Number of protein chains: 2
Amino acid sequence: MCPSCLARAYAYARHQLTGDHLNVNLQDSAIVQQFLQHCSLSEEEKVLLLELEQNPIKASAGDIIWQENSKVDQFCTISQGWAYSFRNLGDGSRQILKVYLPGDIIGMRDFAFSNRLAGVAMIEDGVVSPFSHEHLLRIFRSSTALTAGLFAIVCRQQAMLTERLINLARRTAQQRLAHFLYEMYLRLERIGAVNNGRFRLPLSQEQLGDVLGLSAVHVSRTFTAFREEGLVLRDRHRVALLDPEALAQLSEFDGTYLNDAVPALFFDREWQSHMLAGTPIKNEEMVPVKSPSAQAD
Amino acid sequence: MCPSCLARAYAYARHQLTGDHLNVNLQDSAIVQQFLQHCSLSEEEKVLLLELEQNPIKASAGDIIWQENSKVDQFCTISQGWAYSFRNLGDGSRQILKVYLPGDIIGMRDFAFSNRLAGVAMIEDGVVSPFSHEHLLRIFRSSTALTAGLFAIVCRQQAMLTERLINLARRTAQQRLAHFLYEMYLRLERIGAVNNGRFRLPLSQEQLGDVLGLSAVHVSRTFTAFREEGLVLRDRHRVALLDPEALAQLSEFDGTYLNDAVPALFFDREWQSHMLAGTPIKNEEMVPVKSPSAQAD
DNA sequence: CGCAATGTTGAACTGGGTCAATTCTCGTGG
DNA sequence: CCACGAGAATTGACCCAGTTCAACATTGCG
């Protein structure tokens with residue numbers, strides 16, 4: 001059983017035992033896992049993170065975790081199930097901004113605001129753990145490593161958003177769907193939820209349309225096209241990517257934004273204490289590149 | 001002369017005097033201004049911020065500040081001129097991700113990566129000040145207020161990106177252009193660069209197309225339509241919004257993401273020291289809202 | 001002055017949307 | 001166990017916003 005499967009099994013078990021707190025193996029929370037992808041953590045830091053998940057609660061498919069424009073009082077992590085954030089538009093349509101999987105932190109974008117910019121809803125039954133603004137600030141004060149880790153996570157989210165933006169702005173329906181499927185494939189693979197290119201995708205075609213900026217009708221047509229081209233099979237909520245690399249290529253997928261590691265330097269503790277000692281900081285000089293012909297090509 | 005004009009005048013003057021360092025009035029840097037929108041700063045914190053701008057260098061229109069995929073070694077602030085970040089796509093087209101104005105910090109998204117996700121280029125002549133990764137980490141360690149401020153700025157960027165995403169995914173050409181113009185109008189107003197609805201917009205129509213996900217041809221047509229409807233006049237690089245509110249309404253502009261203040265609580269120093277004293281943190285319970293009919297409407 | 005970049009206008013094309021009819025799926029209750 | 005009904009997916013016909021291509025006008029700069 002791989003570590004990520006273990007983590008998920010553990011998360012489930014922990015949910016069962018109500019009232020368990022921090023006397024647990026600190027390795028196994030989905031959040032801790034997420035941070036460990038970025039940096040190493042002291043026990044103390046793990047405790048700080050685990051405290052984020054002290055109040056797990058169940059939520060059912062379709063539940064609204066919070067509404068657009070509601071007051072920002074807390075954030076949450078998701079330890080089971082899928083969720084998404086969305087905005088309702090004037091013409092009655094809806095844009096899904098991001099799909100959340102277990103281990104993700106939800107709502108950090110709202111940190112800087114007093115009202116929510118987007119609602120969040122459960123796609124299927126699951127477990128979320130709310131935590132407060134104050135908790136986040138406490139992390140800022142307690143640990144530079146965690147702060148940098150949080151910062152990195154937000155940056156990464158921004159990168160994903162950027163990628164999605166380019167998709168919606170510039171690419172065809174086939175490319176958009178291919179990109180989305182491939183991204184899900186990679187994200188799910190990391191948490192051990194892919195088997196030979198096959199995985200569960202609990203989104204309706206209408207929801208997919210809302211993710212991709214397409215009509216549900218055209219999502220259907222695009223799946224049909226993929227089936228006829230032998231790229232993707234789909235049955236209800238299960239999909240099989242027959243040729244993941246072809247999808248990646250079709251959609252010009254650049255995995256950097258998911259995989260590229262944070263430069264180790266920034267989490268090297270020795271280096272940090274060196275810095276703390278007050279060694280002066282020297283910026284290297286930056287020389288702008290003159291573009292060949294006055295204007296960028 | 002308004003404070004923001006003063007700040008710009010100052011920035012220019014400072015650029016002239018090479019070699020001046022921190023023995024200056026700490027109020028006047030564009031960055032400090034930006035932070036002051038979010039929180040109050042101690043003198044010490046202002047110094048930390050001003051150090052970001054120790055190495056101003058000139059850059060000319062069309063200069064590439066850094067290329068896509070180049071190594072991430074530093075970030076920079078922009079104190080004069082406009083810039084944009086962009087991605088080149090496989091089909092030869094290009095997406096402009098964000099337009100930067102004086103006072104903005106450029107490239108923070110790349111914090112979590114070893115290679116750049118996007119290039120940055122100058123739209124017109126200006127001044128940028130590179131600073132290093134290490135400097136950012138030093139800020140994390142030195143000041144919770146600045147850290148939270150940086151975090152807030154990144155969150156805000158994410159909010160702008162989200163807004164842009166919705167625009168590109170869901171709205172018509174007129175809405176996209178109206179939204180962009182109105183956003184620029186607000187951002188420029190804050191730095192004192194708008195006069196009675198009129199401002200300079202140094203982007204070519206091709207660049208506008210790259211921002212808006214439209215062809216340059218259609219940008220031209222859309223401007224024509226706005227002129228005929230008496231909404232916007234444009235002459236070369238100057239535009240006049242004849243009825244800004246009509247544009248805001250047309251594009252369903254929600255200014256929250258630009259204006260909404262960070263809840264004061266998070267920058268209240270007394271409260272912070274209270275927290276430092278170790279008062280226990282209690283999460284309020286969160287109750288998911290059951291949607292009316294099993295599924296979200 | 002002349003050339004290159006930028007902007008404008010028209011004509012024809014097309015990807016994806018909309019609407020509507022039909023089928024499929026599955027949960028429910030008789 | 002089956003019949004029913006509601007939501008989800010499919011398919012076809014038609015439409016339109018925005019693209020592409022091409023010709024032309026304007027601007028500005030060396």
Side-chain angles (χ1 to χ4, degrees), chain A residues 60-62 89 91-95 123-125 167-178 200-228 232-239 250-251 291-297, chain B residues 60-62 89 91-95 123-125 167-178 200-228 232-239 250-251 291-297:
Chain A
S60 319
L89 307 197
D91 63 355
S93 70
R94 184 176 67 159
Q95 178 65 39
I123 292 172
E124 50 175 2
D125 294 355
N167 248 316
L168 295 182
R170 293 291 180 182
R171 306 216 240 247
T172 66
Q174 287 209 16
Q175 288 181 300
R176 294 186 206 188
L177 182 55
R200 210 168 56 84
L201 183 74
L203 292 158
S204 70
Q205 296 198 354
E206 184 166 0
Q207 288 168 330
L208 282 170
D210 290 343
V211 171
L212 301 173
L214 297 171
S215 65
V217 173
H218 207 249
V219 171
S220 173
R221 289 194 229 273
T222 309
F223 266 121
T224 304
F226 278 163
R227 175 164 32 79
E228 285 169 358
V232 178
L233 296 182
R234 182 184 47 84
D235 177 61
R236 211 53 198 155
H237 283 163
R238 299 213 47 99
V239 293
L250 171 61
S251 60
S291 54
S293 63
Q295 198 62 4
D297 56 335
Chain B
S60 320
L89 307 197
D91 63 355
S93 70
R94 182 176 68 158
Q95 179 64 39
I123 292 172
E124 50 174 2
D125 294 356
N167 247 316
L168 296 182
R170 293 290 180 182
R171 304 216 241 247
T172 65
Q174 287 208 15
Q175 289 181 300
R176 293 186 207 188
L177 182 55
R200 211 168 55 84
L201 184 74
L203 292 159
S204 70
Q205 296 198 354
E206 183 165 1
Q207 287 169 329
L208 282 171
D210 290 343
V211 171
L212 301 173
L214 297 171
S215 64
V217 172
H218 207 248
V219 170
S220 173
R221 289 193 228 274
T222 308
F223 266 121
T224 304
F226 277 163
R227 174 164 34 78
E228 286 167 357
V232 177
L233 296 182
R234 182 183 48 83
D235 177 61
R236 213 49 199 155
H237 283 164
R238 299 213 48 99
V239 293
L250 171 62
S251 60
S291 53
S293 63
Q295 199 63 3
D297 56 335

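Residue numbers start from 1 in every chain, and the chains themselves are labelled A, B, ... in the order their sequence lines are given, proteins ahead of strands. Since the structure is predicted, the reported quantities are computational estimates derived from the model, not experimental observations.
Partners of R200(A) by salt bridge (Lys or Arg N to Asp or Glu O under 4.0 Å), not counting sequence neighbours, listed by chain and number: E124(A). With sequence neighbours left out, the salt bridge (Lys or Arg N to Asp or Glu O under 4.0 Å) criterion links R170(B) to D210(A). For V232(B), the side-chain contact (heavy atoms from CB on, under 4.5 Å) partners two or more places apart in sequence, or in a different chain, are L181(B), F223(B), F226(B), L241(B), L247(B).
R234(A) has a side-chain polar atom (N or O) that falls below the 4.0 Å cut-off from OP1 or OP2 of dT10(D).
Within residues 214-224 of chain A, the residues having any heavy atom under 4.0 Å from DNA chain C are, by residue number, L214(A), S215(A), V217(A), H218(A), R221(A).
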Protein-nucleic acid N or O pairs under 3.5 Å, nucleotides 23-27 of chain D:
none

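Between the CG atom of L212(B) and the C1' atom of dG18(D) there is a distance of 13 Å, given to the nearest Å. We find that CD of Q205(B) is positioned 17 Å from C1' of dT20(D), with the value rounded to whole Å. Counting to the nearest Å, the P atom of dT10(D) and the CD atom of E206(A) are 14 Å from each other. Summarising the geometry, the separation between CD on Q175(A) and P on dG15(C) is reported as 12 Å, rounded to the nearest angstrom. Taking atom CG of L208(A) as the reference point, atom P of dA8(D) lies 12 Å away to the nearest angstrom. Here dG15(C) presents its P atom at 18 Å from CZ of R171(A), a figure rounded to the nearest Å. Atoms NE2 (H237(A)) and C1' (dA8(D)) sit 8 Å apart, rounded to a whole Å. One atom, CG of L168(B), and another, P of dG16(C), lie 15 Å apart when rounded to the nearest Å.
Atoms OG1 and CZ, on T222(B) and R176(B) in that order, are 9.5 Å from each other to the nearest 0.5 Å. To the nearest 0.5 Å, the span separating CD on Q174(A) from NE2 on H218(A) amounts to 8.5 Å. With rounding to the nearest 0.5 Å, the separation of OG in S93(A) from CZ in R171(B) is 8.5 Å. For the atom pair L201(B) CG and Q207(B) CD, the distance stands at 9.5 Å (nearest 0.5 Å). From L214(A), atom CG reaches atom OG of S220(A) across 12.0 Å, with rounding to the nearest 0.5 Å.
For the residue pair A178(A) and L250(A), the shortest heavy atom distance occurs at CB-CD2, 3.9 Å. Across all non-hydrogen atoms, the minimal contact from G213(A) to L168(A) is N-CD2, 4.1 Å.
Axis orientation changes by 40° from one end of the helix from dC1(C)-dG30(D) to dG30(C)-dC1(D) to the other, with each end axis drawn from 5 pairs and the value rounded to 10°.
Within 6.0 Å of atom CD in E206(B), 12 or fewer heavy atoms from other residues, nucleotides or ligands are found, so the atom counts as exposed in its surroundings.
Among the atoms of the strands shown, only primed sugar atoms or phosphate atoms (P, OP1, OP2) are found under 4.0 Å from some heavy atom of G213(B).
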